[in-house]
Amino acid sequence: MYAPFDLTGKTVLVTGGNIGIGLAMGQALADAGADIVLWGSNAERNECARNTLAASGRHVLAQRVDVTDEAAIVAAMAEAIAEMGRIDTVIANAGTGGIATPFVETTANDLRRVLAINLDGAYFTAREACRHMVARARMGDPGGSIVLVGSAGTDSGMPRFGPYAASKGALAPLMRSILAEHARHGIRVNLIQPGFIRTEMTDHFREKEKTEEWILASIPQRRWGHPTECGGIAIYLASDASSYQSGSTITIDGGFLAS
């Protein structure tokens with residue numbers, strides 16, 4: 001029976017996988033049959049997430065990884081491959097929104113801290129994934145899916161979030177560069193752009209009544225998205241159903257950008 005969305009036998013690594021969108025993706029992927037590697041910087045949250053995902057009956061490896069540390073990424077990827085045998089899909093989801101600051105008041109530290117997590121972390125995670133997938137392809141086993149997680153906000157004005165907009169906006173050209181170089185190895189690369197999703201990282205928006213009103217008025221569905229609503233696209237991009245999908249930017253925003 002043809003079952004393109006069945007992830008049995010596949011292993012997916014999700015960075016920032018212990019909370020919010022990353023955890024919701026991990027749960028959806030595990031429910032679809034995938035074994036999961038999750039990266040997070042908080043050991044307690046990692047263990048809680050591991051227990052949650054393991055309830056699906058899948059093999060789950062939780063690693064404490066600071067994605068601003070290139071050496072830590074290299075070591076963690078090697079450890080994950082050694083334990084799991086292979087990594088079929090990597091979802092570079094780890095991110096931070098930074099602090100809402102007027103552009104003229106931002107500092108080098110504000111910019112570098114956000115870039116280190118959102119851009120450097122995604123860059124080096126994708127690089128290590130490509131190394132593994134290329135090596136596998138050269139041994140006669142081509143294929144692999146890399147998913148970068150950006151933001152619908154990069155295609156709209158984001159006042160007071162310059163560092164965040166810059167870091168997430170850089171992911172689209174990075175995606176195109178990676179796929180142009182690695183498509184011959186069967187590696188697919190796509191970008192997901194979530195809109196306003198209800199997570200801890202977006203709590204500060206909902207705390208301000210006027211901001212909350214503006215956001216809801218800007219979304220045609222008139223509601224925030226839920227992290228679980230990003231699970232389906234994770235399954236699709238990790239599955240054989242997306243075997244010809246590469247170089248795409250997929251926005252999940254309740255119609256925000258369209259309006």
Side-chain angles (χ1 to χ4, degrees), residues 11-23 25-26 35-50 53 60-99 101 106-136 144-151 154 161-175 177-178 181-182 187 189 191-192 199-201 234:
T11 300
V12 183
L13 186 157
V14 183
T15 73
N18 63 12
I19 195 172
I21 291 174
L23 179 57
M25 286 181 170
D35 293 325
I36 306 296
V37 178
L38 66 86
W39 288 3
S41 59
N42 184 297
E44 184 176 348
R45 281 181 171 174
N46 283 358
E47 184 61 18
C48 182
R50 190 197 70 78
L53 299 186
V60 181
L61 171 65
Q63 296 172 283
R64 187 175 184 180
V65 184
D66 176 359
V67 296
T68 69
D69 184 341
E70 178 186 359
I73 290 174
V74 173
M77 186 70 74
E79 179 186 358
I81 293 166
E83 175 160 337
M84 309 299 280
R86 62 187 290 127
I87 303 293
D88 298 284
T89 296
V90 169
I91 301 178
N93 165 74
T96 180
I99 300 173
T101 306
T106 55
T107 67
N109 285 339
D110 294 333
L111 177 62
R112 297 304 169 198
R113 185 177 68 84
V114 175
L115 286 175
I117 297 173
N118 294 356
L119 179 56
D120 294 4
Y123 185 100
F124 291 119
T125 298
R127 186 194 68 183
E128 292 308 299
C130 281
R131 284 179 171 172
H132 166 60
M133 293 172 183
V134 169
R136 208 172 61 215
S145 176
I146 295 174
V147 181
L148 306 179
V149 179
S151 170
T154 60
F161 281 91
Y164 179 78
S167 65
K168 291 295 189 178
L171 295 180
L174 174 61
M175 169 193 67
S177 178
I178 296 170
E181 186 175 349
H182 297 89
I187 299 171
V189 192
L191 174 68
I192 297 172
T199 66
E200 285 189 10
M201 199 169 83

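Computed from a predicted model, the values in this text were never measured in an experiment.
- Across all their heavy atoms, G16 and A94 have their closest contact at N-CB, 3.7 Å.
- Of all the heavy atoms in V37 and M84, the pair that sits closest is CG2-CG, 3.6 Å.
- In this structure, H132 contributes its side chain and I81 its backbone to no donor-acceptor pair below 3.5 Å.
- The minimum heavy-atom distance between V149 and L171, with the atom names listed, is O-CD1, 3.4 Å.
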- Message: As a quick check of understanding, evaluate side chain to side chain contact (heavy atoms under 4.5 Å, CB included) for L38 and V60, giving each step before the final call.
- Response: CA-CA 8 Å; L38 66 86; V60 181; 4.2 Å; yes
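- Residues C130 and I178 come closest through the heavy atom pair SG-CG2, 3.7 Å.
- The CD1 atom of I146 sits 7.5 Å away from the NE2 atom of H182 when rounded to the nearest 0.5 Å.
- Rounded to the nearest 0.5 Å, atoms CD1 (I91) and OG (S145) are 7.5 Å apart.
- For the pair Q63 (side chain) and A76 (backbone), a donor-acceptor distance under 3.5 Å is present.
- Between the OG1 atom in T125 and the CD atom in E70 there is a gap of 10.5 Å [rounded to 0.5 Å].
- The one candidate from L61, V14, I36 that meets the side-chain contact (heavy atoms from CB on, under 4.5 Å) condition with L53 is I36.
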- Task: Let me see the working for I187 and E181 under side chain to side chain contact (heavy atoms under 4.5 Å, CB included), right down to the final yes or no.
- Result: CA-CA 9 Å; I187 299 171; E181 186 175 349; over 6 Å; no
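- Distance alone, capped at 3.5 Å, is enough to place a donor-acceptor pair between the N93 side chain and the T15 backbone.
- Scanning all heavy atoms of the two residues, the minimum distance from L191 to M175 falls at N-SD, 3.4 Å.
- A 6.0 Å sphere centred on CZ of F124 holds more than 12 heavy atoms belonging to other residues, nucleotides or ligands.
- R113 CZ to I99 CD1: the interatomic distance, rounded to the nearest 0.5 Å, is 5.5 Å.
- Atom CG of residue L115 and atom CG of residue D110 lie 10.5 Å apart, to the nearest 0.5 angstrom.
- Judged purely by atom type and a 3.5 angstrom limit, S177 has no side-chain atom pairing as donor or acceptor with the backbone of L174.
- For the atom pair CZ of R64 and CD of E44, the computed distance is 10.5 Å after rounding to the nearest 0.5 Å.
- Remark: side-chain polar atoms of N46 are not paired, donor with acceptor, to backbone N or O of A43 under 3.5 angstrom.
- In this structure a side-chain-to-backbone donor-acceptor pair under 3.5 Å is missing from T154 to A165.
- Minimum heavy-atom separation, M77 to A129: CE-N, 3.8 Å.
- Taking 4.5 Å as the limit, every side-chain heavy atom of V67 sits out of range of all side-chain heavy atoms of D120.
- Between the R136 side chain and the I87 main chain, a donor and an acceptor come within less than 3.5 Å of each other.
- Although no hydrogens or angles enter the test, the distance criterion places no donor-acceptor pair under 3.5 Å between the side chain of N18 and the main chain of E47.
- Counting only heavy atoms from C-beta outward, the side chains of I73 and W39 approach each other to under 4.5 Å.
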